[in-house]
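First the structure, in the form of structure tokens, and then the observations on it.
A, B, ... follow the sequence lines: proteins, then strands. Residue 1 opens every chain.
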Amino acid sequence: MDRRRFLLRAGKAGLGVAAIGALGWWAHDGQGPSANIGQAEGVKLPSFAVKGTEKRLAVIKSSHRVPALRAGLEALGGIGAFVGAGHKVVIKVNAAFATPPALGATSNPELVAELVRLCLKVGARQVVVTDNPINDPASCFELSGIGPAARAAGAEVVLPHPGAFRPYTLPGGRLIKDWPLMYGPLAGADRLIGLAPVKDHHRSQASVTMKNWYGLLGGRRNVFHQDINGIISELGRMVAPSLVIADGVATLAHNGPTGGSLEDLRPTDTLILGTDQVAVDSVAVGLLGLKPAQVAWLGLAAQAGVGTTDYESLNPTKVELG
Amino acid sequence: MELSRSQSSLTQRLLSMAVLGLLALVAAVVFWQQGRYDPASWGWGGAAGGGAGMLADLAVPGLTPLGPGEGFTPATLSDKIDGKAELYLAAGFESMAARRYALAGRPAAWLELMLYRMKDSRAAYSVFSNQRRTGAQDSGLAPNAYTTSNALYLAQGPYYLEAVASLPEPALKQGLTQAAQALLAKLPAAPSAAPGEAGLFPAQGMKAGSVVLLAKDAFGMAGLNEIFIATYPQGGGELMAFLARRADPATAQEQAAAYAAFLKDNGGAPQPAPAGLPGANLVEVFGAWELFWAQGPYLAGVRGSEDRAATEALAQRLRQALEKAQP
């Protein structure tokens, strides 16, 4: 081969390599995959917090949920402080699993029903009970007892469906970006109340009211388990609720978040209600034998300004019903 | 020797075009697939395993199946058990089948069988032992099987069964037992209560049913995998003995040194080895004692107690047990 031909061929080969590299560069998606839900328009999640109710916290000691709920709401100023005539109220329950209520892996149906009744009693025009469960939604709501109890109390039970999800990006968020949010039940809502059981959690140590917002996400959300503390703190930033309630009357103290055996439960006789979800969860983790400083996601949420782990600074109302 | 364009044969040119066409096709398929990226399926393997077949055929006397059942893979296990999936995935999960059965005429009285297929019997023992309930009763069905007031759990071969009843009723508990018996007839026989080195812990004073296999990152140390622990009540507290067989003595030595470094990095204060345990690592961690060593291919130790004398005494017994095992 002569020099001229060699240079010509080397040049062609170089151009070929460069072209392939350019093609790869052009096709490269630097942002990575999003949870594509079609062409739906993104949404913003409004604050559901009620002005004038900030930093309220009540800890009720009782082995009976319904009287504890009534006493707790009374301690916070009454249900009327949060729900008014004509309001659409969304109650975000934990209906994650198709398990019976006795196992404590889901929100207690008696508590759900009583909360629905109280909201309707003060004039709410509509009460929606919803969740996007881990298991089959219809089975979860039926077998957990939440669906029948909520409907009997006058609520509308809304199950997830494809049209309910809209892309959502948490402002300044690291994980929740262009992710499907179950916005349908929240559309037009005036109030949002979170109602969650207190549970041990294999990944996050504890699952209480902030982790409960996980049930508003859609898509392959299990990818977030790789950064469980990060996602829970972002969930706390994502939702500004009107009120959250942590049910620790019986705590799922072992083998959470599913449990399975009645022996996984421990009677802890405590219902915690408040408007600061970090404070509520900080009280709740104590029922699992943990201090707030031992739970990473609480620290992250507090750092992000979601609330305080120093719940005593809120001067909580403590009531013992016996 | 070189060929000019005119010297290339028709066959060579056709072959070249075919190769280039094939490459173009591969590029087009990659591009098309990238546009249809599904984060749910990318990078995950696994398919429903044999467990699904076992439950599909399983009849339980007096109980009616509620539907055909479900199957879960490593990619979908969290759809069933949420964050607890990590426990199974870390241990070596392959597939899970679930099916519900109800008492005739009583839809609220039901039980659910969840049959996990793990990579091997050690993995099955790991998830079984990690979730053992306090106050559990020996079921008598298999070496690794117990009941609680509403559930039955067992590990046999590479399988782990969770059978959970919605209510603590005798009829449902009977259903749990019958379902477990029917499944056991299909599962490979299990020769012993716990696999491998678990049998080397000193039996005297050991809390019954306390042997647990930690599959991954034991004691918070990344890479400290496949560690057996056993609990020994001591006064008002407990001592924990641990044991792991490594590929060779050098690996056991390396892990002992790595664990010592890990403890030191986390506030531990190394102390001189006790006279009766030459070569051992003694580390005080915020008032509690960690005493561990490599012995042949074994990494062994005692941890977590504030009672140094009791820690050393149990360590001596563990060392002697290992000497007997590998004279």
Side-chain angles (χ1 to χ4, degrees), chain A residues 1-2 5-6 9 20 23-24 26-29 32-36 94 96-103 105 133-136 139 142-143 145 148 199-205 207 211 214-215 219-226 228 253-266, chain B residues 1-2 4 23 27 30-31 34-44 66-67 70 72 75-90 98 100 107-112 114 130-137 146-153 162-168:
Chain A
M1 182 187 289
D2 60 30
R5 183 168 288 177
F6 171 77
R9 286 193 177 183
I20 289 167
L23 183 65
W26 172 75
H28 175 66
D29 177 5
S34 68
N36 181 17
N94 181 334
F97 306 108
T99 55
L103 296 186
I134 303 293
N135 298 169
D136 167 60
S139 301
E142 291 311 305
L143 296 178
K199 302 196 291 181
D200 165 61
H201 194 282
H202 179 72
R203 288 292 282 185
S204 60
Q205 297 179 276
S207 168
K211 173 70 167 65
Y214 185 74
R220 295 300 303 168
R221 54 191 167 170
N222 62 337
V223 298
F224 293 132
H225 280 142
Q226 301 312 313
I228 193 77
H254 307 286
N255 295 307
T258 55
S261 173
L262 292 172
E263 282 71 11
D264 292 328
L265 292 164
R266 190 168 64 207
Chain B
M1 184 177 170
E2 63 183 83
S4 69
L23 288 172
V30 168
F31 188 72
Q34 183 179 273
R36 292 159 41 91
Y37 180 87
D38 177 5
S41 57
W42 187 85
W44 295 80
L66 297 173
E70 307 165 284
F72 299 90
T76 61
L77 182 62
S78 65
D79 292 350
K80 180 70 177 170
I81 61 172
D82 192 36
K84 207 200 279 187
E86 306 300 328
L87 172 71
Y88 293 86
L89 295 170
R100 290 193 189 90
W110 51 270
L111 62 86
E112 184 171 23
M114 285 166 279
N130 268 285
Q131 300 176 82
R132 199 191 308 262
R133 273 71 181 178
T134 52
Q137 304 287 312
Y146 66 85
T147 60
T148 67
S149 55
N150 71 310
L152 185 153
Y153 304 88
E162 286 193 358
V164 177
S166 63
L167 302 164

(message) What I'd like to find out is whether the side chain of A/Gln226 reaches to under 4.5 Å of the side chain of B/Glu86, using heavy atoms alone.
(response) yes
(request) For residues A/Asn135 and B/Lys80, determine if any side-chain heavy atom of one lies less than 4.5 Å from a side-chain heavy atom of the other. (result) yes
(message) Give me the atom names and distance for the closest heavy-atom approach of B/Pro168 to A/Leu262.
(response) CG-CD1, 3.8 Å
(message) Is A/His254 close to chain B through its backbone or its side chain, or both, or neither, when contacts mean heavy atoms under 4.5 Å?
(response) neither
(message) Between B/Arg100 and A/Leu143, is there a side-chain heavy-atom distance shorter than 4.5 Å?
(response) yes
(request) Grab the two heavy atoms, one from A/Ser261 and one from B/Thr148, that are nearest each other, plus how far apart they are. (result) OG-OG1, 2.9 Å
(request) Indicate yes or no: at least one non-hydrogen side-chain atom of A/Thr99 is less than 4.5 angstrom from one of B/Val164. (result) no
(message) Which heavy atom of B/Trp110 sits nearest to which heavy atom of A/Ala98, and what is that distance?
(response) CH2-O, 3.5 Å
(request) Measure the shortest side-chain to side-chain distance between A/Glu263 and B/Asn150 over non-hydrogen atoms and say whether it is less than 4.5 angstrom. (result) yes
(message) Between A/Asp264, A/Leu103, A/Leu23, who has the most heavy-atom pairs with chain B when the cutoff is under 4.5 Å?
(response) A/Asp264
(request) Sort out for me which of B/Ala151, B/Ala165, B/Ser78 touches chain A most, counting heavy-atom pairs under 4.5 Å. (result) B/Ser78
(message) Quick check: do B/Arg133 and A/Asn255 have side-chain heavy atoms less than 4.5 Å from each other?
(response) yes
(message) I need the minimum non-hydrogen distance between A/Pro257 and B/Gly83, along with the two atoms involved.
(response) CG-N, 4.0 Å
(message) Out of B/Leu77, B/Ile81, B/Asn130, return the one with the most heavy atom pairs under 4.5 angstrom to chain A.
(response) B/Ile81
(request) Identify the heavy atoms of A/Pro100 and B/Ser166 that sit nearest to each other, and give their distance. (result) CG-CA, 3.5 Å
(request) Check the pair A/Lys199 / B/Asp82 against salt bridge (Lys or Arg N to Asp or Glu O under 4.0 Å), numbers first and verdict last. (result) CA-CA 13 Å; A/Lys199 302 196 291 181; B/Asp82 192 36; over 6 Å; no
(message) Check this for me, if you would: do B/Asp79 and A/Arg221 make a salt bridge, where the nitrogen-to-carboxylate-oxygen distance has to be below 4.0 angstrom?
(response) no
(message) Rounded to the nearest 0.5 Å, what separates atom NZ in B/Lys84 from atom NE2 in A/His201?
(response) 10.5 Å
